[in-house]
Amino acid sequence: MLGTDQSPAHRPFGARVKAFVALTKPRIIELLLITTVPVMFLAQQGVPDLTLVLLTCVGGYLSAGGANALNMYIDRDIDALMDRTSQRPLVTGMVSPRECLAFGITLAVVSTLLFGLTVNWLSAWLSLGALLFYVVVYTMILKRRTSQNIVWGGIAGCLPVLIGWSSVTNSMSWAPIILFLVMFFWTPPHYWPLSMKVKEDYARVGVPMLPVVASNKVVAKQIVIYSWVMVAVSLLLTPLGYTGWFYTAVALLAGGFWLWEAHGLQNRAKAEVTGAKLKEMRLFHWSITYVSILFVAVAVDPFLR
């Protein structure tokens, strides 16, 4: 903790600005925008209005940033006890809890109004729904109560796909629903390898992530199951007529490599490999690359059909 003889408001201005930006978790939001913008290209079957893209990205950033700030406000007690979160602004004292709460609520209100007044109200309600789901359902209800927390809580991170589509069409279709399901089945095998790496952190604060309450063998098996379903769902876009040969080829190649890594992790877990040799973070890092590649293919495919 920083010294308590000086209030957060009297910290250096530059450091305070960085702290408020950190409350929004920019690295996570980058991933959300990667799944939003390409869907806009798919919905438009070409290049969408660039002003609309900008407004959707700004609204999405503010909404997700508000959700992340409120998450840090609620979780500030356990963040202070976990190594991976020990430098978050509320823990270091760079931002006060009251400031964080006000900041998160402000971003939620501004993002909803921005979507509603400049994009459309369907996107606004989807955005607000994602925020409330992450803050209330995941952070407040599921996270500290069930090992399936990330499975159902991950729905919030899937909604940007629907927002990207609705921002262009002001409607829904099977294409965004399929991509929503891809992200739904992607989230557990994306996050569980990281949870395997830091399970002592979660165990120390009583958060029952699956790797905390189950063996590596069980976790790896679940990762493989979700991975196969994810890859299978990702291939549904083409037979339904939404994508062509380019997306299909990319989905097969990227999905095949994902399954190779997932089964490799399972084999090491079965062999009771532990520590650095388990290499669980290989799948975690690849999962981010996979999403980027897959959704770039979603954006490029309309130009090659």
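Quick note: residue numbers are just sequence positions, from 1. Reckoned from all heavy atoms, side chains included, excluding hydrogens, waters and symmetry mates. None of these values were measured; they are calculated from a predicted model.
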Side-chain donor-acceptor distances from residues 27-37 under 3.5 Å, at least two apart:
| residue | atom | partner | partner atom | Å |
| --- | --- | --- | --- | --- |
| T35 | OG1 | L32 | O | 2.8 |
| T36 | OG1 | L32 | O | 2.8 |

Under a 4.0 Å N-O cut-off, is there an ion pair linking E272 with K277?
-> no
Separation of C158 SG from I177 CD1 (nearest 0.5 Å) | 12.5 Å
Can you get from V168 to Y61 by hopping between Ile, Leu, Val, Met, Phe, Trp and Tyr side chains that sit under 4.5 Å apart?
-> no
dist L81:CG -> Y202:OH (nearest 0.5 Å) comes out at 13.5 Å
Single-linkage hydrophobic cluster, 4.5 Å side-chain cutoff, L235 and V39 together | no
Polar side-chain atom of T146 near backbone of L142 as donor-acceptor pair, under 3.5 Å | no
Please check if any side-chain donor atom of H190 sits under 3.5 Å from a side-chain acceptor atom of W286, or the reverse.
-> no
Pairwise side-chain contact, Y290 with M230, heavy-atom cut-off 4.5 Å (strictly under) = yes
Less than 4.5 Å apart, any side-chain heavy atom of F180 and any of M172?
-> no
Is there a side-chain contact between M196 and M281 (heavy atoms, below 4.5 Å)?
-> no
Mind checking whether W125 and L117 sit in one hydrophobic cluster, side chains of I, L, V, M, F, W, Y counted as touching below 4.5 Å?
-> yes
Do Y134 and N68 touch side chain to side chain, with heavy atoms closer than 4.5 Å?
-> yes
Ignoring hydrogens and angles, tell me if any N or O in the side chain of D79 forms a donor-acceptor pair with the backbone of S86 under 3.5 Å.
-> no
Do F303 and L294 belong together in a cluster built from hydrophobic side chains that touch within less than 4.5 Å?
-> yes
Whether W186 side chain and S287 backbone form a donor-acceptor pair below 3.5 Å | yes
Looking only at atom types and distance, does a side-chain atom of Q44 sit under 3.5 Å from a main-chain N or O of F41, one as donor and one as acceptor?
-> no
So do T243 and L42 actually touch side chain to side chain, heavy atoms under 4.5 Å?
-> yes
Checking side chain to side chain contact (heavy atoms under 4.5 Å, CB included) for the pair Y73/L23: CA distance, chi angles, key distance, verdict?
-> CA-CA 9 Å; Y73 172 80; L23 287 176; over 6 Å; no
With hydrophobic residues grouped by side-chain heavy-atom distances under 4.5 Å, do L128 and W121 end up in a single group?
-> yes
Decide ring-ring contact (aromatic ring centres under 6.0 Å, His included) for F184 and W152; before the verdict, give the C-alpha distance in whole Å, the side-chain angles of both, and the deciding distance to 0.1 Å.
-> CA-CA 8 Å; F184 177 80; W152 301 107; 5.6 Å; yes
Does any non-hydrogen side-chain atom of L283 lie less than 4.5 Å from one of W258?
-> yes
Answer yes or no: is there a donor N or O on one side and an acceptor on the other, between the side chain of S234 and the main chain of A251, under 3.5 Å?
-> no
Going through the checks in order, is the side chain to side chain contact (heavy atoms under 4.5 Å, CB included) test met by R204 and D83?
-> CA-CA 10 Å; R204 184 163 58 251; D83 292 337; 3.8 Å; yes
With distance as the sole test, does S292 use its side chain to make a donor-acceptor pair with the main-chain N or O of I288 at under 3.5 Å?
-> yes
Given side chain to side chain contact (heavy atoms under 4.5 Å, CB included), test V300 with Y247 step by step and report yes or no.
-> CA-CA 8 Å; V300 171; Y247 170 83; over 6 Å; no
Heavy atoms only: give me the nearest A254-I293 pair and the separation to one decimal.
-> CB-CG2, 4.4 Å
Shortest non-hydrogen contact from R268 to K279?
-> NH2-O, 3.6 Å
Drop me the distance from M72's CE to C100's SG, to the nearest 0.5 angstrom.
-> 7.5 Å
What do the steps show when you test Y138 against F133 for ring-ring contact (aromatic ring centres under 6.0 Å, His included), and what is the final call?
-> CA-CA 6 Å; Y138 172 67; F133 198 96; 8.9 Å; no
Between side-chain atoms of residues 205-222 and protein atoms elsewhere (two or more places apart, or another chain), which donor-acceptor pairs fall under 3.5 Å?
| residue | atom | partner | partner atom | Å |
| --- | --- | --- | --- | --- |
| S215 | OG | V218 | N | 3.3 |

Among all residues two or more places apart in sequence or in another chain, which pass the salt bridge (Lys or Arg N to Asp or Glu O under 4.0 Å) test with R76?
-> none
Between Y226 and F185, how do the two ring planes meet: parallel, tilted or perpendicular, split at 30° and 60°?
-> tilted
Taking every non-hydrogen atom, the tightest pair across V95 and A19 = CG2-CB, 3.7 Å
Output yes when a side-chain donor or acceptor of T24 lies under 3.5 Å from a complementary backbone atom of V21, and no otherwise.
-> yes
Steps toward salt bridge (Lys or Arg N to Asp or Glu O under 4.0 Å) verdict (E280, K199) = CA-CA 12 Å; E280 65 280 309; K199 63 181 180 182; over 6 Å; no
With a 3.5 Å cut-off and no angle check, do the side chains of N120 and S123 form a donor-acceptor pair?
-> yes
Mind checking whether V53 and C57 have side chains closer than 4.5 Å, heavy atoms only?
-> yes
Check whether more than 12 heavy atoms from other residues, nucleotides or ligands sit under 6.0 Å from atom CZ of R305, and answer yes or no.
-> yes
Tell me, with the steps shown, if R88 and D75 meet salt bridge (Lys or Arg N to Asp or Glu O under 4.0 Å).
-> CA-CA 11 Å; R88 286 181 172 175; D75 278 351; 5.8 Å; no
Quick one: closest heavy-atom pair of D301 and W245, and the distance?
-> OD1-N, 4.2 Å
Note: S63 and S127 closest approach over all heavy atoms is OG-OG, 2.7 Å
Please report the shortest heavy-atom distance between S111 and L62, naming the atom on each side.
-> CB-CB, 3.7 Å
What's the spacing between T112 OG1 and L131 CG if we round to 0.5 Å?
-> 7.0 Å
Could you check if a side-chain atom of L90 sits within less than 4.5 angstrom of a side-chain atom of P97, using non-hydrogen atoms only?
-> yes
Between CD1 of I163 and OG of S167, what distance do you get to the nearest 0.5 Å?
-> 8.5 Å
Evaluation steps, side chain to side chain contact (heavy atoms under 4.5 Å, CB included), between H263 and W228 | CA-CA 10 Å; H263 279 279; W228 273 99; 2.8 Å; yes
Taken to the nearest 0.5 Å, the spacing of N71 CG from K143 NZ works out to 5.5 Å
